[in-house]
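Below, chain A is the first sequence line, B the second, and so on; all start at residue 1.
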2 protein chains.
Amino acid sequence: MTDVVPEIATADGPPRRGRPPVSEEQRQRQRLDISRHAVRLFAEQGVAGTSGEQIAQAAGVSERTFWRYFPHKESCVEPLLTRSVDAFCAVLRAWPADLELIDHLREAYTPVVDSSSDEDVDAVLDVVRLTHGEPALRAVYLMLHERAEAALVDVLARRLGQPSGAIDVRVQAAAMSAVLRVATDDVAQATVGGVTADMLDGHREQLARALSLVLRGLAQAVGG
Amino acid sequence: MTDVVPEIATADGPPRRGRPPVSEEQRQRQRLDISRHAVRLFAEQGVAGTSGEQIAQAAGVSERTFWRYFPHKESCVEPLLTRSVDAFCAVLRAWPADLELIDHLREAYTPVVDSSSDEDVDAVLDVVRLTHGEPALRAVYLMLHERAEAALVDVLARRLGQPSGAIDVRVQAAAMSAVLRVATDDVAQATVGGVTADMLDGHREQLARALSLVLRGLAQAVGG
DNA sequence: CAATTATTGGCAGCATCTGCCAAGAAGCGC
DNA sequence: GCGCTTCTTGGCAGATGCTGCCAATAATTG
């Protein structure tokens with residue numbers, strides 16, 4: 001967001017000296033890498049059966065730095081899951097004012113993860129499936145969707161010309177994020193034996209249809 | 001659920017001997033009592049600043065039995081929160097087929113908690129407010145609402161004559177539970193300085209209106 | 001009271017997570 | 001290259017979270 005080229009000093013302070021902090025991007029990549037290892041271990045031996053030490057070892061970092069990257073071991077699934085949820089939010093942010101939502105999604109949305117490797121698609125779906133039967137992971141999943149909800153509030157408030165605190169905006173955003181969650185759970189359940197492009201397309205249609213229905217009802221509330 | 005009078009043996013087995021297990025009801029009362037102490041401590045010194053030992057001491061039980069009643073210390077808020085969510089689900093279950101939802105709620109719903117002491121009403125609202133700024137509590141809150149969502153799925157499936165796995169039913173239930181959550185957060189925010197009956201009535205109206213809007217859009221999907 | 005079963009509390013012990021500090025890494029100017 | 005500065009890393013100690021095990025006790029029946 002507020003990036004500056006590392007050469008120049010931050011704002012007007014004294015010129016930077018010493019080792020520069022690692023870039024946020026690199027940090028995210030590190031977290032994602034650990035996340036992949038953690039998810040594999042969680043799937044193999046359950047969450048309770050995997051210790052932080054084990055994850056750290058698998059990822060090739062010390063236990064201490066592992067705990068620096070993740071406050072709780074369950075949050076290891078966050079980097080992978082975020083990719084899926086954030087992709088959806090990004091598409092919503094780019095929703096043109098003169099286009100029906102359903103058409104925009106058909107145009108711009110690739111479900112689960114956008115522009116990502118096949119392995120990550122599988123990994124994300126694995127995590128979603130894991131969240132059933134692993135309450136701790138489910139809690140992380142739900143928290144993530146609530147973060148998405150906050151993003152949707154911003155999008156909808158701007159689109160509807162209402163303050164982001166407006167109750168109608170918040171209801172609409174909550175309903176949309178709930179629909180996204182149900183649809184995601186659904187596609188994860190449907191793809192236990194492997195995922196095909198057809199399935200993802202079906203998911204998009206289902207999601208678009210359900211979202212349209214929710215919005216149809218709510219649009220009347222805000223005079224749409 | 002599968003209750004039997006303690007006098008008689010369970011089913012056809014040998015007649016019961018020895019100390020009978022404590023009733024589920026009494027267990028719930030014990031949990032609720034601990035819950036009240038925990039919430040007070042959480043509010044006073046934060047979740048991180050309150051140890052399980054402290055809660056146990058305040059509630060007058062040993063630490064060991066405390067951990068037997070609650071698997072994680074954050075779940076201490078569950079018994080109190082459950083009262084609120086369960087009350088809503090119970091009202092929904094009693095929703096007559098020939099009545100508009102909004103009218104049924106006006107007739108049968110008392111927001112936050114039904115038939116409970118004033119102190120508990122305040123305590124529930126305190127917890128809801130605490131969930132902002134205390135992510136661990138928020139996670140419990142969200143998990144609870146997802147349990148409510150499952151209950152709503154049953155209600156809606158029966159009402160609409162659809163299987164409970166139907167995607168439309170699940171979407172509708174998810175949207176409703178999301179609306180309940182937003183409305184509850186809203187009333188908690190509005191009642192920081194104390195709650196009056198007027199506020200709760202306003203909350204019911206707001207909830208009823210938002211639910212009607214969500215259902216209006218979704219009803220067309222299932223041919224309502 | 002004896003026998004039986006459930007709950008409780010204490011203790012040991014592993015897992016989770018944090019604070020602190022020393023070692024090393026990566027940039028700077030010389 | 002060599003200092004100088006700042007950041008990251010890893011190791012260690014320690015508090016808290018949480019579980020398994022066992023002895024003590026409570027509540028029931030015969």
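With sequence neighbours excluded, no residue forms a side-chain hydrogen bond (donor to acceptor under 3.5 Å, both in side chains) with B:Ser164. With sequence neighbours excluded, the residues forming a side chain to side chain contact (heavy atoms under 4.5 Å, CB included) with B:Asp86 are B:Thr82, B:Arg147, listed by chain and number. Residues satisfying the side chain to side chain contact (heavy atoms under 4.5 Å, CB included) test with A:Asp126, not counting sequence neighbours, are A:Arg129. With sequence neighbours excluded, the residues satisfying side chain to side chain contact (heavy atoms under 4.5 Å, CB included) with B:Ala183 are B:His203, B:Leu207. With sequence neighbours left out, the side chain to side chain contact (heavy atoms under 4.5 Å, CB included) criterion links B:Leu130 to B:Phe42, B:Ala43, B:Leu137. Legend: residues meeting ring pair (Phe, Tyr, Trp, His ring centres under 6.0 Å) with B:Tyr69, ordered by chain and number and at least two apart, are absent. Residues passing the side-chain hydrogen bond (donor to acceptor under 3.5 Å, both in side chains) test with A:Glu24 are A:Gln28, sequence neighbours excluded.
Residue B:Lys73 places none of its side-chain N or O atoms closer than 4.0 Å to OP1 or OP2 of D:dC18.
Within 6.0 Å of atom CD in A:Glu63, more than 12 heavy atoms from other residues, nucleotides or ligands are found, so the atom counts as buried in its surroundings. Other residues, nucleotides and ligands place more than 12 heavy atoms under 6.0 Å from the CD atom of B:Gln30.
In this entry the distance linking CD of A:Gln57 with P of D:dG11 reads 11 Å, nearest Å. The interatomic distance linking A:Arg17 (CZ) with D:dT5 (P) rounds to 6 Å, in whole Å. In this structure, the CD atom of A:Glu74 is 15 Å from the P atom of C:dA15, given to the nearest Å. What separates CD of B:Glu63 from P of D:dG17 is a distance of 8 Å, to the nearest Å. The CD-P distance, from B:Gln26 to D:dA26, rounds to 16 Å in whole Å. Summarising the geometry, the separation between CZ on A:Arg19 and C1' on D:dC7 is reported as 5 Å, rounded to the nearest angstrom.
A salt bridge does not link B:Asp185 to A:Arg170: none of the charged nitrogens lies less than 4.0 Å from a carboxylate oxygen. Contact check on A:Glu25 versus A:Arg29 returns a salt bridge, with a Lys/Arg side-chain nitrogen under 4.0 Å from an Asp/Glu carboxylate oxygen.
Within residues 28-44 of chain A, no residue is approached by DNA chain C to less than 4.0 Å at the level of any non-hydrogen atom. Annotation: proximity of residues 65-72 of chain B to DNA chain C (heavy atom, distance under 4.0 Å) is found for B:Thr65, B:Arg68, B:Tyr69, numbered in ascending order. For the segment residues 45-53 of chain A, the set of residues with a heavy atom within less than 4.0 Å of an atom of DNA chain C comprises A:Thr50, A:Ser51, A:Gly52, in numerical order.
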For nucleotides 11-14 of chain C, give me every protein contact, N/O to N/O, under 3.5 Å, one pair per line with atom names.
none

For residues 74-81 of chain B, tabulate all N or O donor-acceptor pairs below 3.5 Å that involve a side-chain atom, not counting sequence neighbours.
{"residue": "B:Ser75", "atom": "OG", "partner": "B:His72", "partner atom": "N", "Å": "3.4"}
{"residue": "B:Ser75", "atom": "OG", "partner": "B:His72", "partner atom": "O", "Å": "2.5"}
{"residue": "B:Glu78", "atom": "OE1", "partner": "B:Arg31", "partner atom": "NH2", "Å": "3.2"}

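Side-chain atoms of B:Lys73 come within 3.5 Å of backbone atoms of B:Val47 as a donor-acceptor pair (strictly under, hydrogens ignored).
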